[in-house]
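Inspection log for the structure reproduced underneath, given as structure tokens.
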Amino acid sequence: MTLLAASKVSLSFAGVRALVNIDLQIEEGELLGIIGPNGSGKSTLFNVLSGIYRVDQGTIVFRGERIERFGIAQIVRRGIARTFQNKRLFGTMSVLENVEVAAMKGVQGSALGDVFGLNSSLQARKKAGAIAERCLVLTGLADSTGLLARDLPYGAQNRLEIARALALEPTLLLLDEPAAGLNPSERAELQELIRRVHAEGLTIALVEHDVRMVTGLCARAIVLDHGEKIADGASAMVVRNPRVQAAYFGEVESEEEAHAA
Amino acid sequence: MFDQLFIGGLATGCVYAVVGLGFTLVYRTLRMVNFAQGHVFMAGAFLGLVIAERVHLPALPLLFVVGAVAFALGMVLERLVFRRLYHNHEVFIVGSIGLGIVLMNGVRVFFPEPVPFPKVFGSEVVQIGAARFQEGYLWVVLSTLVLVVLLHAMFTYTRTGRALRAVAADAEIAATVGVDVKRAIALTFGLSFAVAAIAGVLIGPLYFVSFDMGDMVGLKAFSAAVFGGINSIPGTILGGLVIGVLENLAGGYISSAYKDLVAFVILLVMLIWRPTGLLGRETPVKV
Amino acid sequence: MKMRKLIGAITVAGSVAMAVSAQAQDIKLGVVAGMSGPGTSYGIGIRQGAEMAVREINAAGGIKGRKISLVVVDDASNPAQSVTAMQRLVNDQVDLVVGGWGSSQVLANMEVAERAGLPYIVVGATNPKITTEKNKWTFRVIFTDSVQAEQIADAAVRRLGMKRIAVIHDANDYGVGNRDIFVASLKKIGLDPVAVVPYQSADKDFTAQLSRIREANPDGLAIFGTIPAAPAIMNQARDLGIKARFIGTGGLANENLMTLAPKASEGTVLTTYFHEDVDPQARAWADRYVKEFSGGSQPPRPVLAAWEYRAVKFIAVPCIESSGTDKEKLRQCIGRWKGTLFSVPGDAYFDKTGQLVQQSVLVEVGKGAFQAFKGK
Amino acid sequence: MPPEKALSRPVLSTSDLNVHYGKVHAVQGVSLEVRAGEVVALLGANGAGKSSIIRSLVGLTPASGGRILLRDRRIDGLSSEVRSALGMAYVPEGRRVFGDLTVRDNLLMGAYLVKDRAKIEQQLEEVFGLFPGLRERHRQIAATLSGGEQQMLAIGRALVREPEVLILDEPSLGLAPVMIKVIYETLKRIRERGMTLLLAEQSAHIALKIADRAYVLETGRVTYESDAASLRSDPALRESYLGA
Amino acid sequence: MAALHQRWWFWAATLAALLALPALAPQYVVHIANFILIYTLPVVGLGFLTGFTGRVSLAQGALFGVGAYTTALLTTKLGWAPVATLVPSVLMTIVLAVSLGGAAVRLAGLYFVMATIGIQQIVWLVLMNWIELTNGPQGVRSIPAVGLGEYSLETPQQFYFLALVAAGISYFLAKRVIGSRLGLFLRALSDDQLAASSVAVEVGRAKVTALALSAAWAGAGGFLYAHYVRFIHPDMFGLEPSVLFLVMSMFGGYRSIEGMIVATALLESATEYLRPFGEFRMIAYGMILLLGMMFFPMGILTLVRRRAGAPAAGKD
């Protein structure tokens with residue numbers, strides 16, 4: 001069943017076309033890879049899906065509802081959570097609090113109820129605490145709950161972003177270059193984590209520069225280049241597609257050689 | 001009555017515009033608001049007074065000397081004081097308010113009472129249509145015009161002017177093409193002090209000079225800058241003139257009780273409707 | 001010189017507390033006024049008046065052998081601060097307070113004096129509400145707005161022959177208070193003002209207000225405000241071609257009026273608290289005062305110091321002499337006080353509300369100085 | 001300049017360069033060198049440390065350890081404007097032209113340190129020769145240019161004062177393919193004039209078209225270093241980038 | 001400091017000292033203490049904005065005044081009992097703050113400061129000029145004291161306990177707010193607004209709520225002030241107190257409520273100590289602001305913390 005379907009999505013900034021007629025389906029339960037060279041529109045696509053940018057044209061349907069005009073918070077409430085390429089944690093808050101903020105989404109009760117200690121609010125907070133706890137355990141951060149987010153090592157900050165997104169209990173998780181800046185062992189850990197999360201039944205879309213990681217994790221992948229979708233299919237096949245090769249390695253090499261000579 | 005109100009408002013508006021320029025110059029370079037600006041205007045008036053009483057300078061040299069001294073003072077204060085306040089805008093605001101209080105009360109120690117300013121611009125009364133006013137009003141308007149033209153020429157045609165604009169646009173990159181950014185910022189403060197001080201000398205002979213004369217003018221000039229666009233020089237000039245004229249008309253035709261309200265209501269409405277002001281360009285609202 | 005003052009101030013700050021306990025035998029006279037803020041020049045005048053009186057009394061052996069020590073507290077010319085300032089005087093156990101400048105400040109700080117049961121002689125605030133029968137500890141020696149505004153209204157019509165009177169007033173309590181009484185008094189005489197416009201104390205440019213007044217074409221312009229707005233209004237009115245004669249009340253009674261509006265102020269008629277030409281005693285005091293305080297941070301202005309001096313020397317000290325420092329007795333004594341004061345024609349006495357009943361002085365600005373008014 | 005001699009001498013070099021952002025160790029002991037007349041590419045994924053190296057070279061981010069040499073002079077303690085005066089020119093990531101200034105004023109800012117007016121005019125002519133589009137728009141406000149034109153302007157601005165070494169950070173980022181081609185054609189012409197270039201690129205294939213040598217970075221370290229020709233044909237590179 | 005907070009005896013000693021104060025200290029000191037206690041309300045309220053949304057307001061003095069005027073007018077003109085006017089005062093302040101500043105609080109930081117200057121001036125000018133309602137420059141006098149049954153709190157000593165209880169409630173409520181999900185949301189959005197909205201925090205609403213809270217605290221403070229001073233005047237609520245409150249909330253070190261309270265006490269006492277300096281007093285005050293910001297931009301208390309070896313709490 002199709003969880004999210006974008007059709008003919010276009011967006012440009014000051015005349016520069018960032019996304020051109022993108023069609024995209026994300027099936028329930030899948031782990032979709034999105035690859036493409038730098039500046040190809042991968043992050044822009046995520047920004048559109050998560051409501052940070054509004055599309056110029058096209059529709060996005062998520063679980064039967066049109067969401068392309070929704071704001072960020074509205075989309076999160078519909079069940080799409082995301083992480084950011086350049087970590088956007090709440091630096092002066094503790095690891096636990098970072099995740100708790102997100103976990104609050106799923107619980108009832110009002111802020112004033114919190115202040116006056118109403119029973120329903122206390123229950124709700126307890127529930128949020130439990131959700132947060134679970135996400136931290138899942139991401140291997142259970143031992144550093146009391147640290148400030150900004151004091152975490154880089155690799156752990158990465159996992160904290162994922163934990164925070166998970167605490168929103170999303171239907172669809174968008175991971176934006178989670179492996180950027182990680183060393184090989186951290187990268188392997190991350191891969192393992194994504195697998196684990198996916199195995200719990202969550203639908204994931206993964207933007208990644210590292211093609212190996214995508215081919216290793218995702219059955220299906222799409223490739224973007226200069227804002228256009230140039231390939232869509234089984235990830236192992238997609239990377240062999242000549243257009244994809246060209247996008248990564250440049251077009252006919254001989255022509256270039258001729259120029260250089 | 002309209003002529004009278006309009007011309008009176010224009011002169012006040014020129015003062016708002018010139019003092020407001022000081023806000024704009026600093027703001028577009030640092031994204032900070034210097035709340036001592038109004039008191040610099042006041043200090044400039046007293047500087048002019050002290051100089052005019054000691055040495056009998058004609059009007060133009062007097063304006064020049066005061067501008068030069070204020071310029072130097074601005075550079076020095078940047079180095080000693082402002083530089084330590086760039087931490088964030090809250091710190092800068094409170095620090096500059098503190099500096100303003102020090103300036104104002106420092107001047108008060110020497111001049112506890114309002115003092116008449118020598119009539120360096122002549123005291124003839126001029127009649128235009130039904131309006132009568134002192135020659136000094138003409139001086140204010142003309143000097144503002146000259147000052148704006150000079151500043152414009154400086155920013156457009158000189159190497160330093162270009163460098164200041166480049167620093168305002170992107171200080172980091174300006175440094176990589178060889179601009180000494182710290183010096184450029186010091187120059188910016190120098191300029192903002194100079195224009196405010198010159199405005200002080202212009203207004204001095206029209207009214208009296210007193211230690212608290214910068215309080216309200218500072219806030220109004222600030223409103224003018226925001227109204228026109230706090231990062232836009234033409235915007236600030238326009239904002240100053242509009243507020244000066246509007247408040248005078250409101251004072252004359254509606255009620256002088258709420259004359260001062262005009263500037264601040266305009267400020268608030270403008271910020272909500274279009275925070276960048278009439279001619280400003282940057283988008284302040286982030287995602 | 002400024003530096004020495006600063007060091008002096010620091011030393012004073014440090015020693016205030018000690019001075020209080022060391023000289024418990026002294027009679028303590030509290031003075032509250034603005035030594036900073038917009039009312040500074042008045043505050044300094046008040047302080048000087050008190051200093052002069054206390055110095056003279058102490059030099060003459062004090063009151064029954066007890067010296068007077070002066071406790072001066074700054075209220076920054078700000079009503080919020082002035083509550084604290086008065087509280088400080090209460091705390092320092094002063095025997096009475098003579099001072100107070102600015103109606104807003106006095107209205108705020110008199111509540112503290114009333115609650116503490118401290119006799120308070122107000123010298124520099126004119127709002128009528130300060131002296132009511134309810135406020136039994138508060139007295140006032142300066143005229144109220146009502147007395148002055150009434151008197152100047154009367155003089156304007158009967159003695160100056162004005163027919164078209166316009167009013168421009170500060171939007172503060174002083175200006176509004178004067179305006180209300182003035183307009184009411186004119187009505188009683190059968191005249192309506194041709195224009196009434198307010199301004200804000202901090203205004204510099206009055207062309208908007210004056211343009212309206214010019215349209216009304218008045219022959220007299222009443223200005224209810226203080227320095228520096230009042231002289232600015234005079235200058236600008238003349239620039240605009242308004243020929244009306246200026247009249248006013250005590251707010252204009254400040255020599256700075258002539259400094260700031262040397263030409264425009266000529267011929268202005270106003271009521272005042274003090275004038276040296278009223279009697280030789282006043283002249284002698286004024287000369288002494290000027291001699292003693294010239295060279296300070298502001299030129300000495302007898303008119304600012306006169307009331308404080310007179311209230312201390314001729315009202316407070318005789319009462320302490322006769323009734324001692326018991327607060328209730330002191331209060332009753334002040335209430336009963338009756339006598340003569342220099343520059344006040346005839347006898348003066350306190351009415352039931354604690355207001356000093358007296359004749360005021362009408363002066364005219366001529367040749368750059370206040371002259372006793374010699375009109376009809 | 002005789003190429004043999006030029007190649008022997010490094011114009012710009014780092015040894016054991018380190019950069020920290022708070023607790024993040026973004027550049028970890030990188031040593032590299034750029035010889036006169038050479039085009040060197042820094043390749044690597046997002047977050048590999050390319051921009052951090054470039055920023056610390058031009059003096060925008062302080063190095064937390066190691067040294068940077070321009071010719072034989074140690075420059076790592078110097079401010080940006082001094083490094084610029086010593087002959088470094090920088091084309092920042094995302095172009096960052098002075099938006100409020102005209103095209104011509106932007107170029108004049110590039111020549112800020114040149115005092116000789118005739119010389120400036122001559123240099124402007126050369127830049128306009130390289131980018132004829134800029135000449136047509138020289139009175140236009142830079143913010144209103146298209147992305148490609150802004151990139152040309154940024155390069156032009158860096159070139160006006162004939163730097164010893166031109167440092168470019170992701171010059172192809174966010175540009176249309178046609179535009180990238182134009183930019184790289186121009187870079188090639190600049191190289192042919194004997195200019196020394198250091199260039200950070202995520203799109204390896206583009207950079208390798210003009211580079212003589214390349215460093216591949218991963219998590220702040222140099223993991224691979226070689227001449228460009230062999231990198232172009234090296235399957236290991238393909239492997240590390242495409243997994244194909 | 002951090003260590004002290006966790007010791008019960010620290011709190012017990014503080015409480016004992018606070019309770020004993022009116023019996024031991026001279027009336028004047030009690031009077032100053034009352035002002036400090038009253039001021040902690042608007043200062044802590046402002047803390048919700050400065051510390052937790054990164055928005056600096058220069059209108060807190062005006063909001064304080066709205067609270068004071070509401071109760072003053074209700075008690076003197078309509079004869080309400082003081083106690084009955086607490087809720088209307090707080091509500092009025094909230095309504096005014098949200099209607100004037102609700103749109104502005106969504107602006108980026110510096111633009112919000114600009115807007116608050118407008119709000120401050122507008123409120124002050126209206127208090128000054130709407131004479132029919134506010135008495136204008138005459139101020140409102142003879143405001144009744146707060147009565148508890150037959151007993152009315154007239155003297156500084158009597159009022160002290162009311163102020164202490166009010167400051168205590170304000171402190172604990174503020175702690176609760178900050179510990180609540182709202183506090184969590186506010187801290188999140190002050191760290192990273194985009195990230196906050198992407199974890200479902202309704203950023204606009206949270207900011208308006210913070211503004212409303214800061215107004216509520218200011219209104220309650222104004223209520224106390226009016227019934228303590230018993231004469232109010234527009235000049236008590238001009239730009240000057242706004243700056244003072246802002247400085248008090250910043251000197252404490254942004255996010256620490258205890259810090260704000262200590263800073264309030266220090267700064268208010270300092271202003272008192274400076275009183276005899278006369279014309280030099282304001283210079284000294286200006287220098288405190290200027291030097292404080294130059295050398296302790298994250299709050300003067302960071303100095304104490306640094307000495308104590310604990311990490312400085314700040315938002316850099």
Side-chain angles (χ1 to χ4, degrees), chain A residues 46-47 50-52 71-84 86-94 96-107 109-118 121-122 124-125 128 132 148-151 161 164-170 174 176, chain E residues 2 44 48 51-54 90 94 106 169-213 216-217 253-257 298 310-316:
Chain A
F46 268 18
N47 285 342
S50 57
I52 293 174
I72 304 171
Q74 267 173 302
I75 287 183
V76 186
R77 291 188 179 282
R78 296 300 186 285
I80 303 181
R82 71 168 293 176
T83 65
F84 293 90
N86 30 8
K87 312 298 149 241
R88 304 193 73 142
L89 293 166
F90 306 123
T92 67
M93 291 162 65
S94 75
L96 178 63
E97 286 171 331
N98 263 273
V99 184
E100 254 183 337
V101 172
M104 290 296 181
K105 181 213 148 205
V107 301
S110 72
L112 275 184
D114 280 15
V115 175
F116 293 106
L118 296 187
S121 283
L122 290 179
R125 292 212 64 174
L148 289 189
R150 62 169 179 216
D151 292 337
E161 273 237 348
R164 191 176 67 183
L166 289 177
L168 292 162
E169 306 196 305
L174 309 176
D176 193 356
Chain E
V44 166
F48 292 128
F52 298 95
T53 65
V90 170
I94 295 175
R106 292 160 197 257
I169 292 174
S170 125
Y171 170 73
F172 285 108
L173 273 185
K175 288 294 258 192
R176 292 300 291 257
V177 170
I178 285 168
S180 77
R181 80 184 72 188
L182 179 65
L184 217 53
F185 290 170
L186 291 178
R187 286 162 61 200
L189 78 88
S190 85
D191 272 2
D192 188 328
Q193 200 167 305
L194 177 60
S197 51
S198 72
V199 293
V201 174
E202 302 217 10
V203 170
R205 207 171 79 182
K207 284 183 195 163
V208 174
T209 313
L211 177 68
L213 280 175
W217 258 254
Y254 291 87
R255 280 192 182 175
S256 149
I257 297 201
M298 301 315 294
K315 60 167 196 178
D316 60 344

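Residue numbers start from 1 in every chain, and the chains themselves are labelled A, B, ... in the order their sequence lines are given, proteins ahead of strands. Values below: every heavy atom of this structure, side chains too, minus hydrogens, waters and symmetry copies. Being a predicted model, the structure only gives us computed values, none of them experimental.
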| said: Can you tell whether the side chains of A/E97 and E/R187 come within less than 4.0 Å, N to carboxylate O? | reply: yes
Give, for atom [atom1] of [X] and atom [atom2] of [Y], the distance between the pair rounded to the nearest 0.5 Å.
{"X": "A/K87", "Y": "E/D192", "atom1": "NZ", "atom2": "CG", "value": "12.5 Å"}
{"X": "E/L184", "Y": "A/S94", "atom1": "CG", "atom2": "OG", "value": "8.0 Å"}
{"X": "E/S198", "Y": "A/I80", "atom1": "OG", "atom2": "CD1", "value": "12.5 Å"}

A/F90 and E/D191 have their tightest heavy-atom pair at C-OD2, 3.0 Å
Those residues at least two apart in sequence (or on a different chain) that pass side-chain contact (heavy atoms from CB on, under 4.5 Å) with A/L89 are A/N98, A/A149, A/Q157, A/L160, A/E161, A/R164
Most contact-rich option vs chain A, by heavy-atom pairs under 4.5 angstrom, among E/A195, E/G183, E/A188, is E/A188
For residues 199-207 of chain E against chain A, heavy atoms under 4.5 Å, the residues are E/V199, E/A200, E/V201, E/E202
